[in-house]
Protein chains: 2
Amino acid sequence: MAGTRAEIVSSAERVFDRHGFAGTGMDRLCEAASVSTRTLYKHVGSKTGLMAAVLESRMSRFFERFDVHSIEELFEALETWVAAEGARGCLFLRAQGETGGLTPEVSAVVAEYHRRLLELARRVIAEETGRPDEVLAEQLLVLFEGATSAAPYLGAGAISSARSAAVNLTRQAR
Amino acid sequence: MAGTRAEIVSSAERVFDRHGFAGTGMDRLCEAASVSTRTLYKHVGSKTGLMAAVLESRMSRFFERFDVHSIEELFEALETWVAAEGARGCLFLRAQGETGGLTPEVSAVVAEYHRRLLELARRVIAEETGRPDEVLAEQLLVLFEGATSAAPYLGAGAISSARSAAVNLTRQAR
DNA sequence: CCCAGTGTACAACGTTCGTTTTACATGTGG
DNA sequence: CCACATGTAAAACGAACGTTGTACACTGGG
């Protein structure tokens, strides 16, 4: 089959997201991908390798969907994402927490994700206000992270709260 | 010994925080508490029971240290907390994520924590502005959650960003 | 036609999991 | 001084862990 590895990775993403990384065994991952143990190992090497592949794949999908240029677009994209994938907290933070930051393959992807996320916040602020503003960018990042973290228990209201806060802060700074 | 259970719970909190819940075995928890397997089980019943006890204990300590009445105090308390305990993300969110929300004993404590946290945000906003403001309270909560989540990779700057954002939003609303 | 690639099933590796059992030491209070 | 609560050590439970080995079935292209 052509997309065997892709199927392994995407089904693993779903299972990891729903049941945690350490809490999920290889059996369950094989079953979710409808693939034998041997095949899974041929494609991803190890559980750690699978985790890294999952995060890598999620990062690509994330930044495709968050190719935004304004605050409104940013939080609208987050609402769409949550509506489609559910709100269970940031998978990158969860991976880092579960591994204790002791798994280089995982930490590397998480670090890159955070670098790109900060870069995205900077870009949005620059395009929104017409000039770079490091403080505002960091505030936007904190609001985004907060919305992601609070959405599991506050619901979509967390996202609209974050959006209005970001809008107000930006207007105020102008 | 008198505080055996307390010692078990507090050492477990450290280990869970550093290595994750599912990723930590009972052996390691016994070793951390300098206690036999049998004793640990007598005191906390099960791993799930230990997790719930850890979260319960942390919740008490948290709300003792966060008995604050202004935004400045709130984020100052967070800075103190992070300086003392390190920034590895919210342990309640991590517990909920690792269990997939399928462990009632854990979910119950997490839910109570979130209820009290929202209540704290409401109170701080009311005392700060002189009247209740649900929107502002939720924004403050999102900022607090965001600071907690971003601190592991942004450092203490995440907290000061959140504080200044909260201050600005509140001033603006007045 | 056959070879290489890609998949399968299945058992087993040694380790660690969470949990329980058995047997024994300690010190404190009635 | 006995009883009891509370602790210890060490071994074992069955199950699940991540991982590897062996052996076999299908497929497409030269």
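Letters A, B, ... are given to chains in the order of the sequence lines, protein chains preceding strands, and every chain is numbered from 1. Only heavy atoms go into these numbers, but all of them, side chains included; no hydrogens, no water, no symmetry mates.
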Closest listed nucleotide, where the reference is the side chain of B/Lys47 and the choices are C/dT19, C/dG7, D/dG18
C/dT19

Distance-only side-chain donor-acceptor flag, A/Thr39 / A/Ser36, under 3.5 Å:
yes

Take atom OH of A/Tyr41 and atom C1' of C/dA9, then tell me their distance rounded to the nearest Å.
17 Å

Between the base of D/dG7 and the side chain of B/Arg38, is there a donor-acceptor distance below 3.5 Å?
no

Any side-chain donor paired with an acceptor under 3.5 Å for B/Ser70 and B/Glu127?
no

With no hydrogens and no angle check, is any side-chain donor or acceptor of B/Ser149 less than 3.5 Å from a backbone partner on B/Gly146?
no

Give A/Ser46 one of three labels, base, sugar-phosphate or nothing, depending on what nucleic acid heavy atoms sit under 4.0 Å from its own.
sugar-phosphate

Taking for each residue the nucleotide of DNA chain D bearing the nearest heavy atom, is the 5' side occupied by B/Thr37 or by B/Ser34?
B/Ser34

Tell me if the aromatic rings of B/Phe75 and B/Phe66 count as close, with their centers under 6.0 Å from one another.
no

Start at the 5' end of DNA chain C and walk down; is the nucleotide closest to B/Thr48 or to A/Ser36 reached first?
A/Ser36

With B/Tyr113, which residues qualify under ring pair (Phe, Tyr, Trp, His ring centres under 6.0 Å), at least two apart?
B/Phe62, B/Phe63, B/Phe92

Under 4.0 Å, heavy atom to any atom of DNA chain C: which of residues 8-32 of chain B qualify?
B/Thr24, B/Gly25, B/Met26, B/Asp27

Please determine whether a side-chain nitrogen or oxygen atom of A/Thr39 lies at a distance below 4.0 Å from atom OP1 or OP2 of C/dG7.
no

When you measure from the side-chain N and O atoms of B/His43 to the phosphate of D/dG7, is any distance below 4.0 Å, counting only OP1 and OP2?
yes

Length of the CZ-P vector between A/Arg5 and C/dT6, whole Å
13 Å

Within the 4.5 Å heavy-atom criterion, are A/Leu154 and A/Ile159 side-chain neighbours or not?
no

Counting just side-chain N and O atoms, does A/Thr4 come under 4.0 Å of either OP1 or OP2 of C/dG7?
yes

